[in-house]
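Below is one structure; the comments refer to it alone.
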Amino acid sequence: MRIEYDPVLDHVFLATESNLATFDFDPGTNALTFVPGTDIGVGSACTDFTTSPDGTRIAYSCPNGNRSTQDFSIVDMAPDQYFNSDGEWFLGSSPVSATFNKAGTNLLAPDKAKLFLLAVVTHIFSGAIELGL
């Protein structure tokens, strides 16, 4: 299980290999409130989870993608309605991890051979670097 805290929108996320759950966090009282409809399956055998710097996007890396069909993508998820999506980032092969740059304008996501650079807003592939692994 993995936990992630978003200090911008005060969300706490719990991630397993297939499910995500979102909680609102009140730092004044340390209270957690479950966000209804978020404890759902959003992939299988998932390997990494990250939030954007502004807290409005989630990238949950699953080798077979986040949808029921194998599409090798990472869905651009909203923190409170996962499949109310702005799109998805396609890698062409199994994503194993992801991170946003500091400005939140790019997503960096490796598969087992390349590091992909993807635009966050447009979801457009911007380039890849061979890892030589």
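These numbers come from a predicted model, not from an experiment.
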Could you list the donor-acceptor pairs under 3.5 angstrom formed by side chains in residues 35-44, with sequence neighbours left out?
from : atom 1 : to  : atom 2 : distance (Å)
T38  : OG1    : T22 : N      : 3.0
T38  : OG1    : V35 : O      : 2.7
D39  : OD1    : N19 : ND2    : 3.4

Using atom types as modelled, flag every donor-acceptor pair under 3.5 Å from a side chain in residues 83-92 to any protein atom, sequence neighbours excluded.
from : atom 1 : to   : atom 2 : distance (Å)
N84  : ND2    : Q81  : OE1    : 3.0
S85  : OG     : D76  : O      : 3.1
S85  : OG     : G87  : N      : 2.9
S85  : OG     : G87  : O      : 2.7
E88  : OE1    : S73  : OG     : 2.4
W89  : NE1    : A119 : O      : 3.1

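For F23, the ring pair (Phe, Tyr, Trp, His ring centres under 6.0 Å) partners two or more places apart in sequence, or in a different chain, are F34. Not counting sequence neighbours, the partners of A128 by the side chain to side chain contact (heavy atoms under 4.5 Å, CB included) test are K114, F116, F125. Shown here are the side chain to side chain contact (heavy atoms under 4.5 Å, CB included) partners of A103, two or more places apart in sequence or in another chain: N101, T105.
Interatomic distance, L108 CG to N106 CG, rounded to the nearest 0.5 Å: 6.5 Å. Separating the OG1 atom in T56 from the CG atom in L9 is a distance of 7.0 Å, to the nearest 0.5 Å. For the atom pair S97 OG and F49 CZ, the distance stands at 12.5 Å (nearest 0.5 Å). Between L131 atom CG and D111 atom CG the span is 7.5 Å, to the nearest 0.5 Å. Distance check: F72 CZ to S93 OG gives 7.0 Å after rounding to the nearest 0.5 Å.
Scanning all heavy atoms of the two residues, the minimum distance from A45 to P63 falls at O-CD, 3.0 Å. When every heavy atom of P110 is checked against every heavy atom of L115, the shortest pair comes out as N-CD1, 4.0 Å. Pairing each heavy atom of L32 with each of F25, the nearest pair is CD2-CD1, 3.6 Å.
Side-chain N/O atoms of D48 and S61 include no donor and acceptor closer than 3.5 Å.
Side-chain contact between M1 and L14 is present, with heavy atoms from C-beta onward closer than 4.5 Å. Proximity of T16 to R2: side-chain heavy atoms (C-beta onward) are nowhere separated by under 4.5 Å. In this structure, Y60 and V75 have side chains that are not in contact, with every pair of non-hydrogen atoms separated by 4.5 Å or more. The shortest distance between side-chain heavy atoms of I58 and T50 does not fall below 4.5 Å. In this structure, T99 and L107 have side chains that are not in contact, with every pair of non-hydrogen atoms separated by 4.5 Å or more. Counting only heavy atoms from C-beta outward, the side chains of F13 and I3 never approach each other to under 4.5 Å. Contact check for F100 versus T51: no side-chain heavy atoms found under the 4.5 Å cut-off.
Residues in residues 6-20 take part in no salt bridge (charged side-chain N to carboxylate O under 4.0 Å, His left out) pair, two or more places apart or across chains.
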